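The structure appears right after this line, and notes come after that.
Model, not experiment: these values are computed from the prediction.
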Amino acid sequence: MTSTSSEMRPLRVADLGTLAVMAFSGDAPDGDMPYLLAYSLGDGEGGPEGSAAAVRQLLIDNGLPVGDTLIDGSRHPSLPLTLLVEAGQAVVSMPHLNAQCMAPPEWLAAVGERGYAYFLFATRAWPVAVPGEPVAPENLTAFAGDEETLLSAAHVLLPARGLRG
């Protein structure tokens with residue numbers, strides 16, 4: 001007889017692999033939308049599948065549903081996910097993750113106008129998009145717009161905050 005443990009395995013940060021965040025903007029019916037895409041390169045100890053499972057666990061542990069549910073972060077003040085926009089950078093923080101990226105001027109303008117960014121945290125690994133190297137727009141569209149990516153990701157309208165002086 002075999003049995004399956006229902007106990008949750010603790011998250012091992014090494015299983016996540018290299019995590020990256022990318023800021024970009026795109027057309028939406030009501031104007032330019034600032035997007036943040038977080039993803040793993042899939043280079044964790046368990047490869048792309050292990051990284052995907054670890055990212056999924058990280059999201060679930062932080063109350064972020066995976067699938068087609070859109071969370072409005074402004075309605076969930078206890079959400080353990082924040083976005084700081086300062087000095088041309090976007091900084092995303094949550095338990096086990098603190099990532100920053102340079103934001104293009106059009107993204108900064110869109111987030112300044114809207115007050116939030118559409119945050120997409122993909123569980124699916126994207127080894128092609130190496131941090132610090134340019135990504136062709138068609139590659140970004142192919143990954144971020146792919147149904148498999150969208151249905152296996154967390155989606156959050158994330159309020160943008162700035163430093164207060």
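Judged by distance alone, the side chain of S51 and the main-chain N or O of G44 form a donor-acceptor pair under 3.5 Å. The closest donor-acceptor contact from the side chain of T69 to the backbone of H155 lies at 3.5 Å or more, if one exists at all. In this structure, the side chain of Y39 does not engage the main chain of A144 through any donor-acceptor pair within 3.5 Å.
There is no path of hydrophobic side-chain contacts, each under 4.5 Å, that joins V92 to F24.
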**OP:** Apply side-chain contact (heavy atoms from CB on, under 4.5 Å) to L19 and S40, showing your working.
**Re:** CA-CA 4 Å; L19 296 177; S40 172; 3.7 Å; yes
**OP:** Step by step, work out the side-chain hydrogen bond (donor to acceptor under 3.5 Å, both in side chains) result for R124 and S152.
**Re:** CA-CA 7 Å; R124 183 177 170 207; S152 64; over 6 Å; no
Subject >> Stepwise side-chain contact (heavy atoms from CB on, under 4.5 Å) test for D32 and E113 >> reply: CA-CA 9 Å; D32 212 18; E113 190 171 307; over 6 Å; no
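E49 contributes atom CD, which lies 11.5 Å from atom OG1 of T123 (distance to the nearest 0.5 angstrom). Note: L58 CG to D15 CG = 11.5 Å, rounded to the nearest 0.5 Å.
Nearest heavy atoms, M33 versus A28: CB-CB, 4.0 Å.
Sparse packing is recorded around CG of D27, with 12 or fewer heavy atoms of other residues, nucleotides or ligands lying under 6.0 Å away.
Using a 4.5 Å cut-off on side-chain heavy atoms (C-beta onward), I71 and L158 make no contact.
Using the six-membered ring where Trp is involved, W126 and F143 have ring planes that are parallel, under 30° apart on the 30 and 60° scheme.
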